[in-house]
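Just below is one structure, and these are the notes that go with it.
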Amino acid sequence: MTMRLIDGRALSQQLCTHVHQEVATLPSTPCLAVIYVGDDPATQVYVGRKRDMAMALGMESRVMHFPAIVTFQELYETISSLNQDAKVRGILLQMPLPPHLDRFALLEAIAPHKDVDGLTSQNLGLLAAGHPRFVPCTPQGCLRIIDHVGYDVIGKTVLMIGRSNIVGLPLSLLLGQRGATVTVAHSQTVHLDQLTAQADMIISAVGKPDLVKTIKPGAFIIDVGISRVEEDGLCRLAGDVALSVQATAGYLTPVPGGVGPMTVACLMYNTLQACKATL
Ligand code: NAD
C-alpha cells in the first residue's frame with residue numbers, strides 16, 4: 001500500500017466554505033472573542049490565524065491581548081463581561097497561560113454555551129456522556145480527517161499519545177464511543193515503541209519531534225504535535241512523527257498543513273453552531 005498524505009488545508013477550505021455560506025444566512029454577525037496572554041510569537045501567529053479566518057468568513061473577531069503580568073481578577077472580569085455581551089457568541093482563552101494564572105478556574109468562567117473550544121467541565125462532561133455540545137476543535141479536526149478518507153475505526157486499535165484536556169482526553173473518548181479500542185499513552189508510559197508498533201491508528205499530540213518512529217505497516221498516522229526545530233540555522237515546524245514513517249504509513253497527516261488548518265476551521269464551525277443554538 002502506498003502512503004497517502006492528507007491535505008488538511010484543502011479539507012479545511014471545504015469546511016470554511018460551508019461555514020461562510022451559513023454565516024451569510026444568519027440574522028446577525030457572530031462575534032468570536034479570543035483572549036491571549038503574553039508575547040509568545042507562536043501564540044500570536046495562532047491567534048492571528050483565528051482572527052483572519054473569522055473575518056474572511058464574515059464573522060466579527062475581537063482579539064483581547066494582556067501582558068504576562070495580568071491578574072486572575074482582570075481576566076476573570078473580562079470573561080464575565082464577554083459572557084454578558086450578546087454580540088459575542090464564542091469565547092476562546094488561548095493557551096498557554098503564565099503559571100500564576102489558574103487555568104481551570106478561568107476556563108470554568110466561560111459560559112458553557114460560548115465555550116467554543118469545549119473545555120469547560122460542563123462541556124467535557126457532556127462529551128464524556130456521549131452528547132457533546134461542542135466537539136473541541138483539534139479532536140473534531142482529527143475526526144473530520146478520518147471521516148474524509150472513509151476510515152472505519154470500529155474494532156481498530158488506536159493509540160492516542162497525549163492525554164491533555166484539549167486534545168488527547170476528548171479524542172480518546174470520542175474514538176472509544178465510535179467503537180475503536182483506544183490505548184492512551186502519556187509522559188509516564190514505558191516502551192512506547194512497542195505500543196506504536198502494534199496500533200492500527202496512531203494519533204500523537206505531544207510536541208516532541210521523532211517521538212513516533214516504529215509503526216505497523218499501513219497504519220493511519222495523525223500527527224497533531226507542533227515543535228519548532230532549528231536546522232542549518234533555519235527554523236522549521238516539525239510534528240511528533242519521524243520522516244522515516246512515511247515509507248510504511250497507510251495515511252499520514254503532514255506538519256504543517258495537516259491537523260493545524262482543521263483546528264482553525266473547526267473553531268469557525270463551532271462558533272457558527274454557538275450562534276445557531278441561540279437563534
Ligand atoms: P500538553 O502539554 O497539554 O500535553 C502533552 C501530552 O503529551 C501530555 O499528556 C503528556 O503526558 C504527553 N507526553 C509528554 N511527553 C511524552 C512522551 N515522551 N511520551 C508520551 N507522551 C508524552 O499539550 P497539548 O496542548 O495537548 O498539545 C500537544 C501538542 O499538540 C503540542 O505540540 C501542541 O503544539 C500541539 N497542538 C497542535 C494543534 C493543532 O491544531 N495542530 C492543536 C493543539 C495542540
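Indexing begins at 1, ligand by ligand and atom by atom, following the structure's order.
- In this structure, Lys208 places its NZ atom where only 12 or fewer heavy-atom neighbours from other residues, nucleotides or ligands lie under 6.0 Å away.
- Atom numbering of ligand 1 starts at 1 in the shown order; those under 4.0 Å from a heavy atom of Ser164 are 3 (O), 4 (O), 9 (O), 24 (P), 26 (O).
- Taking distance alone, with nitrogen or oxygen atoms compared against 3.5 Å, Ile226 approaches ligand 1 more closely than that limit.
- Within the 3.5 Å criterion, the main-chain N or O of Cys137 finds no donor-acceptor partner in the side chain of Thr263.
- With respect to Asp85 and Lys114, no salt bridge is recorded, no charged nitrogen being found less than 4.0 Å from a carboxylate O.
- Every atom of ligand 1 with a heavy atom of Thr138 under 4.0 Å away is listed here by number and element: 40 (O), 42 (C), 43 (C).
- Inside a 4.0 Å radius of atom 2 (O) of ligand 1 there is not any protein heavy atom.
- The shortest N or O to N or O distance between Ser227 and ligand 1 is not under 3.5 Å.
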(message) Working note: Val182 + Leu171, criterion side-chain contact (heavy atoms from CB on, under 4.5 Å); need CA distance, chi angles, decisive distance, verdict.
(response) CA-CA 10 Å; Val182 184; Leu171 195 44; over 6 Å; no
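- Among the atoms of Tyr46, none of the N or O lies under 3.5 angstrom from an N or O of ligand 1.
- In this structure, of Ile166, Val167, Val190, the residue bringing a heavy atom nearest to atom 44 (C) of ligand 1 is Val167.
- Of the candidates Pro261, Ser187, Gly260, it is Ser187 that places a heavy atom closest to atom 16 (C) of ligand 1.
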